[in-house]
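Here the structure is laid out as structure tokens; the discussion comes afterwards.
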Amino acid sequence: MSYPRAPLLALSSETRANILQRLEGGPLTVGEIARGLPVSRPAISQHLRVLEQAKLVTEEYQGTRHIYRIDPTGLVAIRAWLDRFWTHSLDAFAAEVER
């Protein structure tokens, strides 16, 4: 498994991480996502584009509304990459216990 560069870089922004946390509760419009965040709606749209390119969110059109939801594709890549470290740690722990 290669390093999931795009999703991890996308999440390096606190604003984008906050957006993803907001979407954890379910699909939201740009306005709903932006509510309470200290950035403009156009800035939120730019952050959403980065998250979409990293396969962390998907966009659906409902008339003039843009609905965003979490895309598991990018999260699966991050988790698979991190699981390698966890597996290595567990293997090392098991070897130490056996010794």
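One-based numbering along the sequence shown. Worth saying up front: this structure is predicted, and the values here are computed from it rather than measured.
- S13 and H47 get closest at one heavy-atom pair: OG-CE1, 3.8 Å.
- Under a hydrophobic clustering in which Ile, Leu, Val, Met, Phe, Trp and Tyr are joined whenever their side-chain heavy atoms come within less than 4.5 Å, directly or via other members, Y61 and Y68 fall into different clusters.
- Rounded to the nearest 0.5 angstrom, Q21 CD and I70 CD1 are separated by 9.5 Å.
- In this structure, the separation between CG on L9 and CD on Q53 is 12.0 Å, given to the nearest 0.5 Å.
- Closest approach of L8 to W81, counting heavy atoms only: CD1-CZ3, 3.8 Å.
- Around atom CD of E14, no more than 12 heavy atoms belonging to other residues, nucleotides or ligands sit under 6.0 Å away.
- Contact of the R22 side chain with the L37 side chain is registered, since non-hydrogen atoms from C-beta on lie closer than 4.5 Å.
- When all heavy atoms are compared, the tightest approach of I44 to T15 is CD1-CG2, 4.4 Å.
- The environment of CZ in R5 is sparse: at most 12 heavy-atom neighbours from other residues, nucleotides or ligands sit within 6.0 Å.
- In this structure, P4 and A77 approach most closely via the heavy-atom pair CG-O, 3.9 Å.
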For T29 and I67: C-alpha separation, side-chain torsions, deciding distance, then whether side chain to side chain contact (heavy atoms under 4.5 Å, CB included) applies.
CA-CA 5 Å; T29 64; I67 310 294; 3.5 Å; yes
Do L28 and I19 pass the side chain to side chain contact (heavy atoms under 4.5 Å, CB included) test, and can you show the C-alpha distance, the side-chain angles, and the key distance before you say yes or no?
CA-CA 10 Å; L28 297 171; I19 289 170; over 6 Å; no
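- The CG atom of L75 sits 11.0 Å away from atom CG of L82, with the distance rounded to the nearest 0.5 Å.
- Distance check: H66 NE2 to L48 CG gives 10.5 Å after rounding to the nearest 0.5 Å.
- Between the CZ atom of R16 and the CG atom of L51 there is a distance of 6.5 Å, given to the nearest 0.5 Å.
- With rounding to the nearest 0.5 angstrom, the CD atom of E52 is 7.5 Å from the OG1 atom of T58.
- Side chains of E24 and L20 form no contact here, defined as non-hydrogen atoms less than 4.5 Å apart.
- Closest heavy-atom contact between A54 and A10: CB-CB, 3.7 Å.
- Cluster annotation: L23 is not connected to V50 through the hydrophobic network of ILVMFWY side chains, with a link wherever side-chain heavy atoms come within less than 4.5 Å.
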